[in-house]
Amino acid sequence: MDEDRVVRLLEEIRDLQRQQVEAYARALGNQEEALRRQREAVGRARKLLVAVGVILLIVLAIVVVLLRYVVQHYT
């Protein structure tokens, strides 16, 4: 192999490695974004779950109060 060919081959290897590093950095950025979105989704799900729980407790309390009323007045 002559020296020019070796230099071109090494430059091509260098360029490919740079592309690989750039692709890795993009992939890492995408993973970080995905994790951030998952955390946000979990936070929203927790808030929704708390809201549904509160609503269920209120409905249950109303049912118990009405049931006591019915039992006391119709027995």
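Positions are given from 1, in the same order as the sequence printed here.
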For the CG atom of Leu16 and the CD atom of Glu11, what is their distance to the nearest 0.5 Å?
12.0 Å
Calculate, to the nearest 0.5 Å, the distance between atoms CZ and CD belonging to Arg26 and Gln31 respectively.
13.5 Å
With rounding to the nearest 0.5 Å, note down the distance linking CD1 in Ile62 to CG in Leu67.
13.5 Å
At what distance, to the nearest 0.5 angstrom, does CZ of Arg37 lie from CD of Glu32?
13.5 Å
Test: Glu22 and Arg18 ion pair at under 4.0 Å
no
Within the supplied structure, the quantity of interest is the number of heavy atoms (other residues, nucleotides, ligands) at a distance under 6.0 Å from Glu33 CD; does it exceed 12?
yes
Please say whether more than 12 non-hydrogen atoms of neighbouring residues, nucleotides or ligands are located less than 6.0 Å from CZ in Arg68.
no
Per the ring pair (Phe, Tyr, Trp, His ring centres under 6.0 Å) rule, what does the pair list look like for residues 32-65, sequence neighbours excluded?
none
Should Leu56 and Val64 be counted in the same cluster of Ile, Leu, Val, Met, Phe, Trp and Tyr side chains packed under 4.5 Å apart?
no
Residue pairs passing the ring pair (Phe, Tyr, Trp, His ring centres under 6.0 Å) test where at least one lies in residues 7-56, sequence neighbours excluded
none
Considering only distance and modelled atom types, tabulate donor-acceptor pairs under 3.5 Å from the side chains of residues 40-54, sequence neighbours left out.
unit_1 : atom_1 : unit_2 : atom_2 : d
Glu40  : OE1    : Arg36  : NH1    : 3.4
Glu40  : OE2    : Arg36  : NH1    : 2.4

